[in-house]
Amino acid sequence: MDSTTPLPGLSAPPPPGAHALSPGSYDGRLVLVTGGGTGLGRAVAAEFARLGASLLLVSRREEHLAPARAELAKVPGAGPVTSQLCDIRDADRIAEVFDAAVAAHGRLPDVLVNNAAANFPVPSEDMTPNGWRAVVDITLTGTFLMTREFGRRHLAEGTPGSVIAVGASYAWTGGPGFAHSAAAKAGVKSLVESLAVEWGPYGIQVNGLVPGLMPHEDMTADIRTGLDRAPDPDARQPALRVGAPRELGWAATFLASPYARFISGHTLVVDGANWQRRDLVNAPVTPVREQLDRGPFAP
Ligand SMILES: CCCCC/C=C/C(=O)SCCNC(=O)CCNC(=O)[C@H](O)C(C)(C)COP(=O)(O)OP(=O)(O)OC[C@H]1O[C@@H](n2cnc3c(N)ncnc32)[C@H](O)[C@@H]1OP(=O)(O)O
Ligand SMILES: NC(=O)C1=CN([C@@H]2O[C@H](COP(=O)(O)OP(=O)(O)OC[C@H]3O[C@@H](n4cnc5c(N)ncnc54)[C@H](OP(=O)(O)O)[C@@H]3O)[C@@H](O)[C@H]2O)C=CC1
């Protein structure tokens, strides 16, 4: 290969609708996806549905849930799809959601995908106490409260289950401009490690799953604007391409499958090695305020 030949990068994913697990692998199983009405949560839900799962989508806004319900019910092979409005910061409401799951589907969720999270870019010196709390309460405490209810119900029934918590790679590296979300995701990673050990003896598997850059139409305006500042996102990844949301879905369906039953307490990163990227000589530092087009700090 000479220097003029374009590099291939990592190969393109199989087309939408393809799957690695056998058809019907999740027949008769119920999968609860928080934030399953939008973006990556919806893509993950679709891959479980394609393998026969019934779905319970949970989030705060019916305008997110209703279209997703309609679309996911049409996935070939899918089981019944229902949804529940719930703010995952509300432990009492979460208990009602699990009651509703049993009433509608006749069983506890077999798989819990903690996908819902909150985030916005902000220099830490500008972050309000309430802004910090909103992101940490949704991303970390909400994940804990959902997982706690799932664990309590299965322990009481003596049934097995699988939990997947969606994280972010700045759990390891820190996330300048996203200090609240990075701290919360570090907490989520730690929670996975604690609970996998606590609940392994009861047959409950707990793993983390981290997406790389997987653009989708539901990205919040703040995050989209940040990404749009840098042209050619493919060229900025070691894979020479961004990820497709279905690639996260395939990883999730594997992690909760019988073929991954001995994997627990692990956080799997699906990002084409982007989070490991280091240059031999670093680019000059751009302060976060400048990256976010903020003027000088004014208390
Ligand atoms: C490019 C790298 C990113 C990679 C990693 C990505 C990770 C992700 O998590 S993407 C997922 C993003 N999706 C979402 O965040 C969807 C849900 N988000 C929301 O609902 C809101 O954005 C929320 C986080 C603010 C939560 O809503 P709510 O509980 O209703 O909170 P409030 O609107 O009452 O606001 C609370 C508090 O936060 C301050 N605030 C809200 N937005 C911003 C903002 N864009 N910038 C700065 N501060 C913000 C708001 O002002 C409130 O604070 P006080 O004014 O002090 O009361
Ligand atoms: N997109 C990316 O590039 C990356 C994403 N991630 C992670 O992937 C996951 C999905 O992100 P993405 O799809 O991009 O984001 P979205 O903004 O599309 O999804 C967030 C979802 O969370 C739900 N949600 C937010 N707050 C609450 C709450 N208090 N209670 C219940 N549901 C809530 C929202 O629904 P509603 O408003 O209806 O409540 C929405 O469906 C998140 O965990 C995120 O941190 C990690 C790294 C990169």
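Numbering starts at 1 and runs along the sequence shown. Ligands are counted one by one from 1 in listed order, and the atoms in each one are counted from 1 as well. If you're wondering where the values come from, they're calculated on a predicted model, not measured in any experiment.
- Closest heavy-atom approach to atom 12 (C) of ligand 1 within the set Val210, Asn119, Asn115: this belongs to Asn119.
- Among Met219, Arg89, Arg61, the residue whose heavy atom lies nearest to atom 3 (O) of ligand 2 is Met219.
- Comparing Arg224, Arg60, Met146 against atom 28 (C) of ligand 2, the shortest heavy-atom distance belongs to Arg60.
- Under a 4.0 Å heavy-atom criterion, Thr34 is not in contact with ligand 2.
- Every atom of ligand 2 is numbered from 1 in the order shown, and the set under 4.0 Å from a heavy atom of Lys185 is 42 (C), 43 (O), 44 (C), 45 (O).
- If you check each of Asp90, Val33, Leu40, Leu248 against atom 13 (O) of ligand 2, the one with the closest non-hydrogen atom is Leu40.
- Contacts with ligand 1 closer than 4.0 Å are made by no heavy atom of Leu213, backbone or side chain.
- For ligand 1, the atoms lying closer than 4.0 Å to a non-hydrogen atom of Ile223 are 10 (S).
- Evaluated by nearest non-hydrogen atom to atom 57 (O) of ligand 1, the leading choice among Thr139, Val135, Asn130 is Asn130.
- Considering backbone and side-chain N/O atoms, Asp222 comes within less than 3.5 Å of an N/O atom of ligand 1.
- Using a 4.0 Å cut-off between heavy atoms, Arg60 contacts ligand 1 through its side chain alone, with no backbone atom that close.
- One option in Phe120, Phe178, Trp132 has a heavy atom closer to atom 25 (C) of ligand 1 than any other, and that option is Phe120.
- Scanning for ring pair (Phe, Tyr, Trp, His ring centres under 6.0 Å) contacts around Trp132 gives an empty result, with sequence neighbours left out.
- Here is the list of ligand 2 atoms found below 4.0 Å of a heavy atom in His64: 35 (O), 36 (P), 37 (O), 38 (O).
- Short contacts between ligand 2 and Cys86, defined as distances under 4.0 Å to a heavy atom of the residue, involve ligand atoms 30 (N), 31 (C).
- Under 4.0 Å from ligand 1, heavy atoms of Ala118 appear from its side chain as well as its backbone.
- When non-hydrogen atoms are compared, ligand 1 lies under 4.0 Å from the side chain of Arg89 (C-beta onward) but not from its backbone.
- Residue-ligand proximity: His216 is placed with a non-hydrogen atom under 4.0 Å from ligand 2.
- Note on Arg93 versus Glu149: no salt bridge recorded, every NZ/NE/NH1/NH2 to OD/OE distance being 4.0 Å or above.
- Taking every heavy atom of both residues into account, Thr253 and Tyr26 meet most closely at O-OH, 2.6 Å.
- Arg294 has no carboxylate O lying under 4.0 Å from a charged side-chain N of Glu125, or vice versa, which leaves the two without a salt bridge.
- Between Tyr170 and ligand 1, a contact under 3.5 Å exists for no N or O pair.
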